[in-house]
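To start, the structure itself, in structure tokens.
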Number of protein chains: 2
Amino acid sequence: MNLAKQQILEAAARLFEKQGYHATGLNEIIRESGAPKGSLYYYFPEGKEQIGAETALWSAGQMAGRIRTGLAQSDDPAEAVRLLGLGTAEAIENAKFSAGGPLMMLAAESAVSSERLNAACREAYGLMQAAFSEKFSGNEPLARFVLAVLEGAILLSRVNHSADAVRQAAQYLETCVKLEMNKEK
Amino acid sequence: MNLAKQQILEAAARLFEKQGYHATGLNEIIRESGAPKGSLYYYFPEGKEQIGAETALWSAGQMAGRIRTGLAQSDDPAEAVRLLGLGTAEAIENAKFSAGGPLMMLAAESAVSSERLNAACREAYGLMQAAFSEKFSGNEPLARFVLAVLEGAILLSRVNHSADAVRQAAQYLETCVKLEMNKEK
DNA sequence: GTCTATACGGTGATAGAC
DNA sequence: GTCTATCACCGTATAGAC
């Protein structure tokens with residue numbers, strides 16, 4: 001992918017994550033990106049919605065990678081989830097609670113209003129769910145549950161400016177996953 | 001509370017829930033509310049932020065009520081949570097996935113940008129957490145966990161236009177709560 | 001309490017030069 | 001590929017009449 005396009009995408013991701021889709025202006029994205037001002041509509045001819053959609057998918061790819069790395073810390077799926085959660089909590093603190101990636105914002109804001117963005121977000125969450133599902137021997141419902149729990153906990157962490165919700169969720173999740181994975185055998 | 005003010009608040013709640021805080025204009029709120037156009041800055045002299053903050057708190061009061069009613073369906077906390085979750089899932093379908101109340105949107109969008117809105121959202125979530133905590137003999141961490149799970153599941157339901165995530169979460173949650181409540185005895 | 005008019009900045013987007 | 005000028009529109013907020 002072209003450098004300027006990539007810069008725009010990453011700047012958009014940061015801004016969407018912090019303040020949301022509608023609160024972020026195109027000018028702001030260009031300013032923050034350092035990319036040439038004329039290149040925005042060159043690389044994203046369909047405008048802001050396209051930027052949102054591509055940001056969602058790109059960011060979900062990143063997140064899926066981090067999830068896989070985090071889950072690789074232990075062979076035991078339940079413990080792996082706990083460790084991933086603890087790592088996420090630390091990341092949230094380092095990011096000063098501008099956390100969870102742009103996907104949460106894009107997903108919430110587009111769910112009812114924008115067909116296209118919504119479709120992209122659905123696919124994006126699918127990528128993340130897949131990263132969990134691999135670790136859970138293909139148990140998709142469990143993967144989706146874990147994903148939902150982490151998203152919810154991250155939301156509360158943003159609001160409370162404290163990663164406690166995520167740390168606690170990690171703890172509870174370990175139990176849930178252990179239980180569910182044993183049931184299968 | 002004055003009728004016009006109440007109308008504005010409820011219209012704002014609906015719009016914030018559907019499309020978010022920044023995507024909703026003051027004009028739109030007035031149009032939707034049916035309240036006199038001149039009354040907006042009369043009842044909300046501090047403007048949009050005040051509307052957001054009061055909407056968050058009012059809506060959280062409503063939600064806390066619904067949570068209490070839902071949880072009253074069973075004496076067993078674990079089963080009560082499952083029933084509340086199933087009821088929520090149905091409500092989401094009826095609302096055509098414009099779900100979860102305005103609080104989720106307000107919280108996500110204001111977490112980093114607006115000090116005042118963020119404070120209101122924090123308090124609002126506190127009200128909801130309290131409604132759970134009562135049922136869990138004061139177990140605040142568990143209450144917060146359940147709250148986080150439901151918020152996360154609602155987010156995924158919005159994205160996927162399917163209440164499945166909430167139904168499944170309700171199922172998993174019953175197990176979690178049962179486990180945690182037994183541990184205490 | 002409510003209304004209208006208005007200020008002023010910002011929005012996403014397009015056209016055409018280079 | 002990039003820039004600048006410009007578009008029409010919408011945002012929030014205020015002033016002052018009634």
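Numbered from 1 within each chain, the chains take letters A, B, ... in sequence-line order. Below, all heavy atoms of this structure are taken into account, side chains as well, without hydrogens, waters or symmetry copies.
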Integer-rounded Å distance: [N] [atom2] and [X] [atom1]:
X	N	atom1	atom2	answer
B:Phe44	D:dT14	CZ	P	16 Å
B:Leu3	C:dT2	CG	C1'	14 Å
B:Lys5	C:dT2	NZ	P	13 Å
A:Ile30	D:dG1	CD1	P	15 Å

Review point. Which nucleotide, D:dT2, C:dC3, C:dG1, lies nearest any side-chain atom of B:Tyr42?
Key: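 Taking heavy atoms from C-beta onward, the closest nucleotide is C:dG1.
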**Study point:** Partner set under salt bridge (charged side-chain N to carboxylate O under 4.0 Å, His left out) for A:Glu140, not counting sequence neighbours
**Key:**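 Partners of A:Glu140 under the salt bridge (charged side-chain N to carboxylate O under 4.0 Å, His left out) test: none.
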Check your understanding: Side chains of B:Val112 and A:Gln19: does their closest heavy-atom pair fall under 4.5 Å?
Key ->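 Not touching, per the 4.5 Å side-chain cut-off.
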Review point. How would nucleotides 11-18 of chain C be written as a contact map, 5' to 3', with B for base contact, S for sugar-phosphate-only contact and - for no contact, using protein heavy atoms under 4.0 Å?
Key: SSBB----
Practice item. Using ring pair (Phe, Tyr, Trp, His ring centres under 6.0 Å) as the criterion, list what pairs up with B:Phe97, not counting sequence neighbours. Key: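 By the ring pair (Phe, Tyr, Trp, His ring centres under 6.0 Å) rule, B:Phe97 matches B:His161.
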Check your understanding: Considering residues at least two apart in sequence or located in another chain, which fulfil the ring pair (Phe, Tyr, Trp, His ring centres under 6.0 Å) criterion with B:Tyr125?
Key ->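 Listed in chain order: nothing, the list is empty.
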Point to revise | Sequence neighbours excluded, every pair satisfying side-chain hydrogen bond (donor to acceptor under 3.5 Å, both in side chains) that has a member inside residues 34-44 of chain B | key: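 Qualifying pairs: B:Asn2-B:Tyr43.
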Practice item. May I ask you to list the residues sharing a hydrophobic cluster with B:Leu3, side-chain cutoff 4.5 Å, ordered by chain and number? Key: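 Members besides B:Leu3: none; it forms no cluster.
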